[in-house]
Every structure is written in C-alpha cells, then in structure tokens.
Amino acid sequence: RDPEVLDFWLELMDLTRTRMTDPDLGWVYGFQVPLDRAFRLADPEAHEYVSIGGQLTAALAYVRLHEQSGDAAYLEAARSLAHVIDRGWDGEHGCWLDQVQRGPPHAPLPDASVQWWIHIYGAFLDLRLHAIDGDPGRLRRFARAEHFYRKHFLDGQHGGGFATLKRDG
C-alpha cells in the first residue's frame, strides 16, 4: 500500500462524497450526468436517467477504500449508495438494469438493458456487502444474479458471451 496513492484516493472519494453526491436523492453525479465547475448539476432537465454502472463503480470504490483505510465513513457511504442503487435491481428477472430515473419514482428506463459489466458489478457489490454485514438478502440476490449471468450471458451454443441483453434474457 503506497501512502501517497491512498492519500490521493481519499481526497478523490472525499470530493465525491461531499461535492458530487446529491444530498436529496443520494446519486453520485459526474458519469453521464455532468456537473459544472462548482459541482452543481449542469443541466438537470437533460438528465432524467442515471447510469447504475456509475453508481456501482462509486459504491465498490467506497467499499475498497474502507477496506484499505479502515475508515467507517466510506463503508457508510457504500451502504447509503447501495440503498439508492437497489432501484436498478429487477427482482422479477433477477438482473441489474443499466439506467433508472434520477428523480422519483426512480423507475427503470422503459427499454433498460442488462449490460454484463453492470450486472457483474451489482452482484459483486452484493457479495462484498454480504461479507461485511452478513445480510442473507444480499447473498440471495447475488445467487440470483449469478444464475441470470450463467443462463443468459454465456453462449453455450457458440461459446463466448453476450455484452448486453434485454431483461428477460
């Protein structure tokens, strides 16, 4: 662990927590929902949806920073963001959707897709938080996501896998 790298990471994630996180809705902005130089939402009307992938990336960074620094504030940031991210979980199909409405009712994009990396990040966040908190619901959801991945993303007939799917596989 390089102390200079950790210090820089702490600085970046503190900036994310304090300036790039919507205090009312809980989303982290900056990825596909740009901020201006004062860290205000650049054009709220033009950004009705947020990327769940960007949110998952931030939540996983918080978890890892907690593990590296021991600072409970980052674990709390991860838990808080995970609660918001849960809106991207499609419990009917067992998959992580790529976009949901930024504001209430936080519904998925009507033609939301399931991208492999977002789906994996969601499953991984559930697994990491289960390992930390022991929440059996997160482990069950991880298992459902894993089942969806194996059943739909992997191409058993031709080999390889698919990058993006519809929520029904």
Side-chain angles (χ1 to χ4, degrees), residues 9 12-13 16-17 20-22 24-34 41 46-68 72 74-169:
W9 192 11
L12 288 177
M13 294 311 289
T16 301
R17 273 189 317 140
M20 297 174 70
T21 301
D22 186 310
D24 299 318
L25 300 174
W27 300 115
V28 172
Y29 297 138
F31 178 73
Q32 295 185 341
V33 181
L41 205 53
H47 300 285
E48 183 180 355
Y49 291 89
V50 295
S51 166
I52 293 298
Q55 306 305 310
L56 287 162
T57 301
L60 286 166
Y62 284 137
V63 169
R64 187 66 180 139
L65 191 52
H66 162 69
E67 293 168 344
Q68 291 289 308
Y74 299 107
L75 179 56
E76 185 51 41
R79 287 177 178 140
S80 179
L81 187 51
H83 179 70
V84 175
I85 291 168
D86 285 346
R87 297 169 179 149
W89 173 251
D90 181 331
E92 178 183 348
H93 297 99
C95 59
W96 284 97
L97 303 174
D98 61 351
Q99 293 187 44
V100 299
Q101 284 178 321
R102 188 173 60 79
H106 307 290
L109 185 69
D111 60 347
S113 62
V114 185
Q115 297 180 35
W116 75 269
W117 72 273
I118 293 172
H119 188 75
I120 293 298
Y121 278 30
F124 190 55
L125 180 62
D126 276 337
L127 193 59
R128 293 302 310 128
L129 289 176
H130 167 72
I132 293 168
D133 298 332
D135 179 351
R138 292 223 175 255
L139 187 59
R140 281 191 299 274
R141 190 161 68 185
F142 168 81
R144 288 196 65 208
E146 174 66 11
H147 175 76
F148 182 95
Y149 184 86
R150 289 186 179 276
K151 182 176 180 182
H152 300 294
F153 275 105
L154 299 179
D155 185 348
Q157 183 177 4
H158 300 102
F162 300 100
T164 305
L165 301 168
K166 295 183 185 268
R167 44 174 107 177
D168 64 359

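These values consider heavy atoms only, across backbone and side chains, with no hydrogens, waters or symmetry-generated copies.
Residue His119 holds its NE2 atom at 12.5 Å from CG of Asp98, rounded to the nearest 0.5 Å. Separation of atoms NE2 (His93) and NZ (Lys151) is listed at 10.0 Å; rounding is to 0.5 Å. Atom CG of Leu165 is separated from atom OH of Tyr149 by 10.0 Å, given to the nearest 0.5 angstrom. Atom CD of Glu67 sits about 4.0 Å away from atom CZ of Arg128, to the nearest 0.5 Å. Once rounded to the nearest 0.5 Å, the distance linking CG of Asp90 with CZ of Phe148 reads 8.0 Å. To the nearest 0.5 Å, atoms CZ (Phe153) and CD (Gln115) are separated by 8.5 Å.
Closest approach of Ala78 to Val63, counting heavy atoms only: CB-CG2, 3.5 Å. Between Trp96 and Val114, the shortest heavy-atom contact is O-CG1, 3.4 Å. Between Gly169 and His152, the closest heavy-atom pair is CA-ND1, 3.4 Å. The minimum heavy-atom distance linking Asp22 with Leu25 is given by the pair OD1-N, 2.8 Å. Shortest non-hydrogen contact noted between Tyr49 and Ala107 is CE2-O, 3.9 Å. Residues Ser51 and Gln32 approach most closely at CB-OE1, 3.2 Å, considering heavy atoms.
Under a cutoff of 6.0 Å and an axis angle of 45°, Arg17 and Tyr74 form a cation-pi pair.
Using a distance-only test at 3.5 Å, with no hydrogens or angles considered, no donor-acceptor pair links the side chain of Ser80 to the main chain of Glu76. Put simply, the side chain of Thr21 gets close to the backbone of Thr16: a donor and an acceptor are under 3.5 Å apart. His106 contributes no side-chain N or O that, together with a main-chain N or O of Val100, makes up a donor-acceptor pair within less than 3.5 Å. A donor-acceptor pair is defined here as one N or O able to donate and one able to accept, closer than 3.5 Å; no such pair exists between the side chain of Arg167 and the backbone of Cys95.
A 6.0 Å sphere centred on CH2 of Trp116 holds no more than 12 heavy atoms belonging to other residues, nucleotides or ligands.
Side-chain atoms of Val50 and Leu109, non-hydrogen and from C-beta on, never get closer than 4.5 Å to each other. With contacts defined as side-chain heavy-atom distances shorter than 4.5 Å, the pair Gln68/Trp9 qualifies. Residues Trp117 and Thr57 are in side-chain contact: their nearest non-hydrogen atoms beyond the backbone lie under 4.5 Å apart. Two residues are said to be in side-chain contact when any heavy atoms from C-beta on lie closer than 4.5 Å; Arg87 and Trp27 meet this criterion. For the pair Leu56/Phe124, no side-chain contact is recorded, criterion being any heavy-atom separation below 4.5 Å from C-beta on.
The pair Arg141-Asp86 counts as a salt bridge, with a side-chain nitrogen and a carboxylate oxygen less than 4.0 angstrom apart.
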